[in-house]
Number of protein chains: 2
Amino acid sequence: MASLDRSLIAGLSIFEGMAAADLDRMVGQARSARIAKDHLIFEQEQDAHSFFLLLDGHVRVVRSTPEGQDVTVRYISPGELLGIAHALGRATYPANAIAAVDCVVLAWPSQLWPTFAANFPSFTANTYKSVGTRLQDAHTRVVEMSTEQVEQRIAHALLKLVKQSGRKTEEGILIDFPISRQDIAEMTGTTLHTVSRLLSAWEGQGLVKSGRQKVTVVEPHRLLLVAEGRVEKG
Amino acid sequence: MASLDRSLIAGLSIFEGMAAADLDRMVGQARSARIAKDHLIFEQEQDAHSFFLLLDGHVRVVRSTPEGQDVTVRYISPGELLGIAHALGRATYPANAIAAVDCVVLAWPSQLWPTFAANFPSFTANTYKSVGTRLQDAHTRVVEMSTEQVEQRIAHALLKLVKQSGRKTEEGILIDFPISRQDIAEMTGTTLHTVSRLLSAWEGQGLVKSGRQKVTVVEPHRLLLVAEGRVEKG
DNA sequence: CGGCCGCTTGATGCAGATCAAGCCGTGTGG
DNA sequence: CCACACGGCTTGATCTGCATCAAGCGGCCG
């Protein structure tokens, strides 16, 4: 294994406020791994042996129901933690984590968590702050599902993805990993058919451009109007 | 103010593992308050000056949308913390907290949180464990809203309330605080009309008994079958 | 005693799921 | 290097669960 170096992680906001020596100590206990596209990083219900930091790539976190329906909980971007079940008092992973593209992660054994929590207070505080954000996000999503039409939910989902992983191109802002109609449906509690129809309609109005596993938002501002339900349907 | 005593809080699971002296230290910095039914304990968007422990009563936590629709995030039972925005890196409360009945709370100024977090590690760990549970609950709710019919969601909601605040009576298990059709609708993303129709139907089948702001689950086991969608409609 | 709040119940409408059929681009194996 | 199979997408037709609209009831509280 190539030796790991604190330069991998210094500068990530989750490590903000940590001394260089402490960063070295953390990196020293990590192993790195590459995960090929479409492979699992961890699996729902399984023993939460490790927690992870995504260094490169994009990860989809999916909860599967007993009936076999999948619901996407969130997408993880580089610099974020995942699989921190132990920090939240759980012994198993609550969902599947799937590499949306080839990924690189750092992994620590879960039993190190208590030591890290005791010795690296800013890391701990930063982690819980991000857990707080996730809790807010989850509640926001419950509110959206309770009060908004499908059209608004899909618009909100695209805007969230754009904010999180948008890359500027000459056509607009591209969501920077492969994402299918089905994936968007699983984020918004609808079907790929409805997503397809709406994207087609929006493409007709010049709001977005999209293709096979690819979505570019051309007019974020007008899409936001749709998301907020402040637009009449043509 | 009557003097507060650690016997108020010793024995609550959130304080498990704490020394008596530390409990005294925490209680010593709290003030207690009574909140009359239907009054706000804290308000969405306002400065999160305090966090609270519910000693007695029941609290409804509600997010209001800009359009004025309300979504119930959760119900709080005695022994639970609420308003811990600061612990999650937020400066304002994310929702309204409304006393469902007359309540008694302990309140601590939010600026004490960092001290508590530094000095009372088991309290901190217990708190984050319960935050973890809330995050799981929120995700479960997103999954339910994405995959289940209204009928199943309402059944699940009633079973959750029964588990959390059920009181055995001769007729069945009573949800132990006033809860209206509208309240249940706000928990499940539906309308009071639909809730009313379903409760009437279930009453006809002997599954529940209900009246003005009152629901008793007569046959939890059969209601669970409904919740899991394993029952054909008569 | 009267008004209001919580509840019930019928009638109607519609957003979006489901059913169905076919297209296109891409990667693969012959 | 081509064919073809498969995965992702589109688009029409139909169906339906639940919201919405509408009206009225009853009991609790002031």
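By convention in this document, chain letters (A, B, ...) are assigned in the order of the sequence lines, proteins followed by strands, and residues within each chain are numbered from 1.
- The CD atom of Gln182(B) sits 16 Å away from the C1' atom of dC4(C) (whole-angstrom rounding).
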Which pairs of donor and acceptor atoms, one on a side chain in residues 39-54 of chain B, lie under 3.5 Å apart (sequence neighbours left out)?
residue	atom	partner	partner atom	Å
Gln44(B)	OE1	Ser64(B)	N	2.9
Gln44(B)	NE2	Ser64(B)	O	3.1

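- For the residue pair Thr140(B)/Asp137(B), the side-chain donor-acceptor check at 3.5 Å is not satisfied.
- At whole-Å resolution of the value, CD in Glu151(A) and C1' in dA17(C) are 16 Å apart.
- Applying the ring-ring contact (aromatic ring centres under 6.0 Å, His included) criterion to Tyr75(B), with sequence neighbours excluded, gives Phe177(B).
- Side chains of Arg167(A) and Thr169(A): a donor-acceptor N/O pair is absent below 3.5 angstrom, by distance only.
- Per the geometry, CG belonging to Leu199(A) stands 16 Å off P belonging to dG8(D), to the nearest Å.
- Between the CG atom of Leu198(B) and the C1' atom of dC18(D) there is a distance of 10 Å, given to the nearest Å.
- Separation of atoms CD1 (Ile76(A)) and SG (Cys103(A)) is listed at 10.0 Å; rounding is to 0.5 Å.
- Each of dT11(D), dC9(D), dG16(C) was ranked by its minimum atom distance to the side chain of Gln149(A); first place goes to dG16(C).
- Summary for the helix from dC1(C)-dG30(D) to dG30(C)-dC1(D): the axes at its two ends, each from 5 pairs, differ by 30° when rounded to the nearest 10 degrees.
- At least one side-chain heavy atom of Val131(A) sits less than 4.5 Å from a side-chain heavy atom of Ile84(A).
- Here the OG-NZ distance, from Ser13(B) to Lys129(B), works out to 8.5 Å after rounding to the nearest 0.5 Å.
- Both Glu148(A) and Leu192(B) lie close to DNA chain C; mapped to their nearest nucleotides by heavy-atom distance, the more 5′-ward contact belongs to Leu192(B).
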Exercise. What does nucleotides 19-24 of chain D look like as a protein-contact string, B for base, S for sugar-phosphate only, - for none, at under 4.0 angstrom between heavy atoms?
Worked result: SBBB--
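- Side-chain atoms of Arg90(A) never come within 3.5 Å of backbone atoms of Gly132(B) as a donor-acceptor pair (strictly under, hydrogens ignored).
- Using modelled atom types, one side-chain atom of Gln152(A) and one backbone atom of Gln149(A) make a donor-acceptor pair closer than 3.5 Å.
- Rounded to an integer number of Å, the gap from Gln152(A) CD to dA15(C) C1' is 12 Å.
- In this structure, Met145(B) atom CE and dC18(D) atom C1' are separated by 13 Å, rounded to whole Å.
- Distance CH2 (Trp202(B)) to P (dT8(C)): 13 Å, rounded to an integer number of Å.
- Atom pair Glu203(A):CD and dT10(D):P shows a separation of 8 Å (rounding to whole Å applied).
- For the pair Met145(B) and Ser146(A), the minimum side-chain heavy-atom distance is below 4.5 Å.
- At dT10(D), one or more side-chain N or O atoms of Ser196(A) fall inside 4.0 Å of OP1 or OP2 (strictly under the cut-off).
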Considering only distance and modelled atom types, tabulate donor-acceptor pairs under 3.5 Å from the side chains of residues 184-198 of chain B, sequence neighbours left out.
residue	atom	partner	partner atom	Å
Glu186(B)	OE2	Gln182(B)	NE2	3.0
Thr188(B)	OG1	Ile184(B)	O	2.8
Thr188(B)	OG1	Ala185(B)	O	3.4
Thr191(B)	OG1	Thr194(B)	N	3.3
Thr191(B)	OG1	Thr194(B)	OG1	3.3

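- Listed by residue number, the members of residues 207-217 of chain A with any heavy atom below 4.0 angstrom from DNA chain C form an empty set.
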